[in-house]
Number of protein chains: 2
Amino acid sequence: MGADLKSAKERFVESWGQMGGAWGINKTMARVHALLMISDAPLTADDIMKELAVSRGNASMNLRALVDWGLVRRASLPRDRKEYFVSEKDAWTMCCRIARERKKRELEPVISAIDDCLKEAGSDKEAAAFRKKLNELLELVRLLDFVLGKVGNQERAAVLPKVLTLLKAMA
Amino acid sequence: MGADLKSAKERFVESWGQMGGAWGINKTMARVHALLMISDAPLTADDIMKELAVSRGNASMNLRALVDWGLVRRASLPRDRKEYFVSEKDAWTMCCRIARERKKRELEPVISAIDDCLKEAGSDKEAAAFRKKLNELLELVRLLDFVLGKVGNQERAAVLPKVLTLLKAMA
DNA sequence: TCATACTTTCAATTATTTCTGAAATAAGTG
DNA sequence: CACTTATTTCAGAAATAATTGAAAGTATGA
């Protein structure tokens, strides 16, 4: 591989890791994801360990997490007992998977929590302002939840036109 | 304040902190924000220190960060040399500020990074697949950037109706 | 102006998260 | 089944991030 290409790939992997970190995702997990995305062929855990200089355990755990997120899948080649990993190929599908997981992991729990707070706060006059604010936030979080739910269920081809329509209306 | 109301507020503050953490935001920063959101009156650094059991320095730094994000503003009362802090009141405006900041801090740098990678990768046949994948990701990140840009520029009243209308169309 | 009440900063500390490596487990092979 | 090779797990180590507290910096009202 040309030196420039190699270095460009490394740069991309690092940037993707950086971004992951900013959004609350393990940096190594994001780097593994990046590596798989730009790899033409399936990779083994050893390939990843070597490429990113991480331990076997680390590679294993992050690969599992990526599989749990639906961003990577396992693949085994016949007549080879090694396990291979392949990234979801399509960027839009990836985006949908991420939306689905974040909705489930991070929005739904907040919605429940706010609901519980509303219940616990009671209906005293004293709590009125608090309830009002909570309801306002709930509306917002629910809308986000709804949006991510929609995105999470879309198929690749369906997303782009709809998003663009939406943007036009907002312009 | 009734015991239930107090405990409901505490629960909310903790949940909000939790959520912040999941999205890559300092947990204490999110708790301070939550506290200010549900507080009727402006609070001083001392109020926050006491309420959340954090040090003066910690309170100061996280308050500054919230001000930088445009989620909180400083307010001073005449004949009182203390500084007070008030949360942005409107949840939608808050949402817009967050969109704006995250776009600036976390999407724009990734766009530049991918651009740089494309430049560095060169135009060899060997790099074709890499360029293709990068362009696909770039399209996606740019769209997200565009969406956040739109949201970040909206004013309160304008956002909700438009988003809701379009969501119905997507149903 | 200046004493003082308040705020910010930052080196040191503490807490949390992430990572490693080796042991345990599983899976494929002959 | 016994053996080999691949994978997972997890306790401890390392790295990173958050927090403290005290010194330095500011601004206000008398």
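We name chains A, B, ... by the order of the sequence lines, and we start the count at 1 in each one. From a predicted model like this one, the values you see are computed outputs, not experimental measurements.
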Find the distance [X]:[atom1] to [N]:[atom2] and express it as a whole number of Å.
| X | N | atom1 | atom2 | result |
| --- | --- | --- | --- | --- |
| A:Arg81 | C:dT29 | CZ | P | 6 Å |
| A:Lys82 | C:dA26 | NZ | C1' | 17 Å |
| B:Asn58 | D:dA17 | CG | C1' | 12 Å |
| B:Lys27 | C:dT14 | NZ | C1' | 15 Å |
| B:Arg79 | C:dC6 | CZ | C1' | 18 Å |
| A:Met61 | D:dA6 | CE | P | 20 Å |
| A:Leu63 | D:dT7 | CG | C1' | 11 Å |
| A:Asp47 | D:dT7 | CG | C1' | 15 Å |

Review point. Within 45° of the six-membered ring axis of B:Trp69 and under 6.0 Å from that ring's centre, is NZ or CZ of B:Arg100 located there?
Key: no
Review point. Within 45° of the axis and under 6.0 Å from the centre of the six-membered ring of B:Trp16, does NZ or CZ of B:Arg11 qualify?
Key: no
Does OP1 or OP2 of [N] have a side-chain N or O of [X] closer than 4.0 Å?
| X | N | answer |
| --- | --- | --- |
| B:Arg74 | C:dC6 | no |
| B:Asn26 | D:dT19 | yes |
| A:Ser55 | C:dC19 | no |
| A:Arg31 | C:dT18 | no |

Practice item. Using the closest heavy atom to pick a nucleotide of DNA chain C for each, name whichever of B:Arg64 or A:Ile25 lands nearer the 5' end. Key: B:Arg64
Is [X] touching bases, backbone alone, or none of the nucleic acid, heavy atoms closer than 4.0 Å?
| X | value |
| --- | --- |
| B:Ala59 | nothing |
| B:Ala53 | sugar-phosphate |
| A:Thr28 | sugar-phosphate |

Point to revise | Salt-bridge present (A:Arg56, A:Asp46; N to O < 4.0 Å) | key: yes
**Study point:** Side chains of A:Thr44 and A:Asp47, donor plus acceptor under 3.5 Å
**Key:** yes
Exercise for review: Would you check if there is a donor-acceptor pair between the side chains of A:Glu120 and B:Ser7 at a distance under 3.5 Å?
Suggested key: yes
Exercise for review: Tell me which nucleotide among C:dT7, D:dT20, D:dT8 gets nearest to the side chain of A:Ser60.
Suggested key: D:dT8
